[in-house]
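First the structure, in the form of structure tokens, and then the observations on it.
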Amino acid sequence: MVLAFGWLAARSTAYTVTNRRLVMRLGIALPITANLPFTVIQAAAVTVHPDGSGDISLALVPSQRISYLFFWPHVRPWHYRRGQPTLRCVPEAAQLAQLLSRALAADAAMPVQPLADAVRSDAAGDARQHPAAA
């Protein structure tokens, strides 16, 4: 059942990055759309897996809150009090993190780090989280 739910969730989810917002279309039976303007995103962190896919977690400004249950399974695990929307199992996560960081930086009129500094992994191939944008 869990495998089937995961497969259906992956097939029915779409993430869209525009020049002003991130749009998350979620849901299997009852699809919903969540718009996250760049003004409510405080920071983003990426975790890259050895196969190149990964997760991008978004920390929201303190005045904005999301429901953990509403966004599940598209939230960062173990962050119940301050839920963080997460783009899950994104192929080529490093490139999307760089694209998102450039869009966030352009919206905030800030410089952005090059890709090599934004995502690093250790010798064992395990990825670590590093801020993709502030």
In short, Gly83 meets Ile66 closest at the heavy-atom pair O-CG1, 3.6 Å
Mind checking whether Val23 and Ile32 sit in one hydrophobic cluster, side chains of I, L, V, M, F, W, Y counted as touching below 4.5 Å? no
Separation of Asn35 CG from Leu22 CG (nearest 0.5 Å): 8.5 Å
In this structure, CD1 of Ile41 is separated from CG of Leu100 (nearest 0.5 Å) by 6.0 Å
Taking all non-hydrogen atoms of both residues, which atom of Arg88 and which atom of Pro73 are closest, and how far apart? NE-O, 3.2 Å
Do Val40 and Ser63 have side chains that approach each other closer than 4.5 Å (heavy atoms only, starting at C-beta)? no
Output yes when a side-chain donor or acceptor of Thr86 lies under 3.5 Å from a complementary backbone atom of Arg76, and no otherwise. yes
Nearest atoms (heavy-atom pairs only) where His49 meets Gly54: CD2-CA, 3.4 Å
Rounded distance [0.5 Å steps], CG in Leu36 versus CE in Met24: 6.5 Å
Side chains of Arg25 and Thr33, heavy atoms from C-beta outward: is any pair under 4.5 Å? yes
Can you measure from OG1 (Thr13) to NE2 (His74) and round to the nearest 0.5 angstrom? 3.5 Å
Nearest 0.5 Å please: distance from the OG1 atom of Thr16 over to the CZ atom of Arg21. 11.5 Å
When every non-hydrogen atom of Ile56 is compared with those of Ala44, the smallest separation belongs to CG2-CB, 4.4 Å
side-chain contact (heavy atoms from CB on, under 4.5 Å) assessment of Leu58 paired with Gln84: CA-CA 5 Å; Leu58 307 170; Gln84 295 181 1; 5.8 Å; no
If I compare all heavy atoms of Leu87 with all of Tyr15, which pair ends up nearest, and what's the gap? CD2-CD2, 3.3 Å
All heavy atoms of Trp78 vs all of Tyr68, minimum pair found to be N-OH, 3.8 Å
In Å and rounded to the nearest 0.5 Å, what is the CD to CZ distance from Gln64 to Arg82? 9.0 Å
